[in-house]
2 protein chains.
Amino acid sequence: MADVGAAAGVTSRTVSNVLSGNKPVAPATRDAVMAAVRELGYQMNVTARGLRTGRTGLLTVAVPALRIDYFAELALALVDEAERLGWAVTLQQTQSDRERELAILGGHDRLLSDGLIFQPHALGPADGDLLVSDQPVVLLADHPLHADVDQLVLDNVAIGRAATAHLLGRGRRRVAMVGPNHDPGLSTAGSYRQQGYAEALAEAGLPLRPELVVGAARWTWDGGAQAAQELLASGVEFDGLFCGNDSLALGALHVLQRHGVDVPVDVAVIGVDDTRDAAHSTPALSTVAIDTAGVASRAVGLLVAQIERDDAYAGPTTEVVGHRVVRRSSS
Amino acid sequence: MADVGAAAGVTSRTVSNVLSGNKPVAPATRDAVMAAVRELGYQMNVTARGLRTGRTGLLTVAVPALRIDYFAELALALVDEAERLGWAVTLQQTQSDRERELAILGGHDRLLSDGLIFQPHALGPADGDLLVSDQPVVLLADHPLHADVDQLVLDNVAIGRAATAHLLGRGRRRVAMVGPNHDPGLSTAGSYRQQGYAEALAEAGLPLRPELVVGAARWTWDGGAQAAQELLASGVEFDGLFCGNDSLALGALHVLQRHGVDVPVDVAVIGVDDTRDAAHSTPALSTVAIDTAGVASRAVGLLVAQIERDDAYAGPTTEVVGHRVVRRSSS
DNA sequence: CTGAAAGCGCTTACAG
DNA sequence: CTGAAAGCGCTTACAG
């Protein structure tokens with residue numbers, strides 16, 4: 001930068017002012033500096049700028065795994081929203097590994113960035129106590145964590161209840177569920193959604209039949225296909241199927257149809273998330289839509305407000321993320 | 001860091017050595033330092049470390065748009081591969097905007113990172129001359145750029161030829177194509193794949209019928225659905241359909257089926273990319289698979305070799321990315 | 001509007 | 001194995 005200044009007949013301060021635009025510079029000086037920049041092929045050292053200003057222009061987004069459609073769509077929505085506000089996003093996957101998630105909470109394993117949006121997967125509510133971070137944080141979670149930070153939380157019990165109630169409302173009386181994950185290490189949305197499922201059945205005065213509930217270790221298309229196989233193989237009768245997410249539902253849908261089950265006549269199916277694929281299946285998949293774009297916009301908004309010490313930022317809040325049933329042809 | 005040293009009875013140099021692991025430190029000293037770190041809740045300033053070492057641990061991946069399945073899968077494969085080697089990835093979208101792509105080539109609009117993997121979309125071969133970068137770069141492209149850097153290039157003509165030849169090999173004689181994009185600003189893969197299509201027809205001694213070629217401005221599911229509508233509405237007969245990518249093919253497949261067209265009996269369909277959705281449609285979609293994982297691994301490998309000045313790195317190369325026809329039920 | 005200088009928080013030769 | 005000090009390349013009060 002000093003070299004550029006020398007070539008333009010000014011000091012590095014003026015070069016800095018021209019390049020950053022922080023302070024006004026006389027047009028002639030400005031042109032001379034830009035000419036020198038071009039001639040010397042000067043490119044600013046962004047790391048040095050970052051050290052000085054305390055800003056990197058980067059946000060970190062940490063999710064369990066990008067191979068899971070929901071997290072991929074969430075991450076990409078966050079990238080879009082951040083970009084709109086002039087920030088770039090660095091992606092980090094935890095693979096639902098508890099140690100890794102604790103390291104992120106604890107502020108170790110820190111990437112170069114000004115703030116963190118973190119979706120834990122293997123942490124319980126009490127683990128929030130371990131949040132020690134001197135950097136701005138927004139948590140996205142399946143349940144509130146015991147931590148004094150911004151949190152956007154899904155109401156998974158309500159989601160499970162809404163999905164199940166929808167199928168009951170379509171006249172189904174033997175509604176099966178695919179999804180609960182009893183891995184003790186993972187506090188997934190599965191058990192909360194299962195609770196909602198049970199509540200909806202109870203509200204309708206219907207019995208909870210354990211044989212209608214099939215677990216799925218991984219919430220993927222293959223997991224859903226396998227669960228549907230199991231359900232069909234068991235010979236148990238069912239006329240409705242609530243799947244923990246859309247990936248499971250699409251896999252299940254495929255298997256049901258291959259076995260000659262008419263969806264929705266024989267079995268009505270509903271998923272959760274409203275991923276892009278849901279609208280494209282045949283029949284198109286009913287689902288409980290989670291407002292991913294809304295989550296992304298709110299999460300980035302809160303994080304940037306923290307980073308920029310926005311006056312309008314009133315301190316940590318815990319907000320519940322909205323959801324709504326989207327009825328399509330599968331139910 | 002000096003404070004931590006004071007609390008542990010050493011200087012910042014020793015704290016640095018303990019934290020970085022660069023130099024051996026006596027166990028007792030080491031423990032004292034770690035204790036002080038914990039007690040003071042010290043978290044290293046990664047930006048300062050970056051300025052000093054000249055490394056950020058970050059790679060930038062710039063693609064046209066993450067809403068396009070192929071680029072999303074490519075970007076996520078790059079994230080996976082980078083993570084495997086201990087690097088994190090910052091994502092940047094160009095929206096196929098020529099100015100933005102030129103800014104990236106020119107080294108302006110630079111993010112904090114040690115290297116760049118860049119898939120241009122609006123640049124012609126000659127634009128490569130504008131590549132002025134003092135940072136390591138790997139280009140992923142639809143055609144070689146005139147630049148002395150590492151490039152991984154698709155052979156799009158061969159891909160179009162292979163897809164079309166596959167349909168011809170299945171006995172089809174009136175093969176339609178969806179995809180060419182005649183937007184002069186975009187040097188997409190479309191025109192190359194169309195050239196391959198034409199070559200395959202010529203090799204089989206079949207005429208090129210312009211009425212069988214339908215453009216698609218956006219290579220999305222909706223774009224494919226719309227193109228199929230047009231094709232059906234035009235009343236032209238066809239028994240094979242080559243789509244520029246899988247998203248187009250899945251949209252077209254949906255519309256064909258909704259209009260009672262039996263795939264593959266009436267019309268055999270093939271796409272390109274082998275995105276995850278291709279295997280999940282009914283019927284499962286035939287496609288020309290691009291070795292995305294291979295591209296990701298090679299791209300990250302080349303970039304890291306440049307960054308680390310690996311002795312095994314022999315200077316810029318241009319390599320052709322592999323592809324192969326995957327036959328499924330749609331053809 | 002511009003110069004000369006301090007300092008952001010690390011790492012690393014230079015000594016011991 | 002550790003201390004004292006320089007320096008990475010910027011930005012920004014302090015002066016003028």
Side-chain angles (χ1 to χ4, degrees), chain A residues 1-37 40-58 107-114 133-135 307-309, chain B residues 1-37 40-58 107-114 133-135 307-309:
Chain A
M1 199 171 246
D3 294 349
V4 174
V10 297
T11 61
S12 64
R13 180 194 197 287
T14 306
V15 178
S16 172
N17 285 341
V18 170
L19 262 32
S20 69
N22 289 340
K23 292 272 153 60
V25 176
T29 314
R30 181 187 177 70
D31 292 347
V33 168
M34 290 312 291
V37 163
L40 276 67
Y42 169 76
Q43 297 184 23
M44 160 128 41
N45 180 321
V46 244
T47 310
R49 194 223 283 135
L51 175 58
R52 195 46 236 243
T53 61
R55 289 288 166 79
T56 62
L58 262 32
H108 326 296
D109 191 22
R110 170 85 82 78
L111 297 179
L112 220 47
S113 80
D114 298 330
S133 191
D134 56 358
Q135 79 171 339
I307 294 170
E308 298 185 337
R309 301 172 193 289
Chain B
M1 197 171 246
D3 294 348
V4 174
V10 297
T11 60
S12 63
R13 179 195 199 285
T14 305
V15 179
S16 171
N17 285 341
V18 169
L19 261 32
S20 70
N22 288 340
K23 292 271 153 58
V25 176
T29 312
R30 181 187 177 70
D31 292 346
V33 168
M34 290 311 292
V37 164
L40 277 66
Y42 170 76
Q43 297 184 23
M44 160 129 41
N45 179 321
V46 244
T47 310
R49 193 223 282 135
L51 174 58
R52 195 46 236 242
T53 62
R55 289 288 166 79
T56 63
L58 262 32
H108 326 298
D109 192 23
R110 170 85 83 75
L111 298 179
L112 221 46
S113 81
D114 298 330
S133 190
D134 55 358
Q135 79 171 340
I307 294 170
E308 299 185 336
R309 299 171 193 290

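These values consider heavy atoms only, across backbone and side chains, with no hydrogens, waters or symmetry-generated copies. Sequence lines set the chain letters: A, B, ... in the order given, protein chains first and strands last, and positions in each chain run from 1.
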Check: Counting distance only, does the side-chain N/O of Ser16(A) pair as donor-acceptor with the main-chain N or O of Ser12(A) below 3.5 Å?
Finding: no

Item checked: Residue Pro24(A), side-chain heavy atoms: nucleotide from dC10(C), dA6(C), dC1(C) that is nearest -> dC1(C)

Next item on the list: Using modelled atom types only, decide if a donor and an acceptor are shared between the side chain of Thr53(B) and the backbone of Arg49(B) within a distance under 3.5 Å.
Entry: yes

Notebook entry, point to check: Base, sugar-phosphate alone, or nothing: which one does Val46(B) contact when heavy atoms must sit under 4.0 Å apart?
Noted result: nothing

Margin query: Taking atom CZ as the centre, does Arg30(A) end up with more than 12 heavy-atom neighbours from other residues, nucleotides or ligands that are less than 6.0 angstrom away?
Written below: no

Checklist line | Closest to side chain of Val10(B), choosing from dG3(D), dC1(C), dC10(D) | finding: dG3(D)

Check: Within less than 4.0 Å of OP1 or OP2 of dT2(C), is there a side-chain N or O belonging to Thr29(A)?
Finding: yes

Item checked: N/O (side chain, Tyr42(B)) to phosphate O (OP1/OP2, dC10(C)) under 4.0 Å -> yes

Check: When the distance from CE of Met1(B) to P of dG7(D) is rounded to whole Å, what number comes out?
Finding: 20 Å

Check: What's the closest nucleotide to the Asn22(B) side chain, out of dT12(C), dT2(D), dC1(C)?
Finding: dT12(C)

Check: Looking only at side-chain N and O atoms, does Ser16(B) come under 4.0 Å of OP1 or OP2 in dT11(C)?
Finding: yes

Notebook entry, point to check: DNA chain D: Thr53(A) or Asn17(B), which has the more 5' nearest nucleotide?
Noted result: Asn17(B)

Next item on the list: For Gly9(A), report the nucleic acid contact type (base, sugar-phosphate, nothing); a contact means any heavy atom under 4.0 Å.
Entry: sugar-phosphate

Check: For Arg13(B), which contact category applies under a 4.0 Å heavy-atom criterion: base, sugar-phosphate, or nothing?
Finding: base

Notebook entry, point to check: What's the CG-P distance between Leu51(A) and dG7(D), to the nearest Å?
Noted result: 17 Å

Checklist line | Residue-phosphate contact under 4.0 Å: Thr47(A) side-chain N/O, dG9(D) OP1/OP2 | finding: no

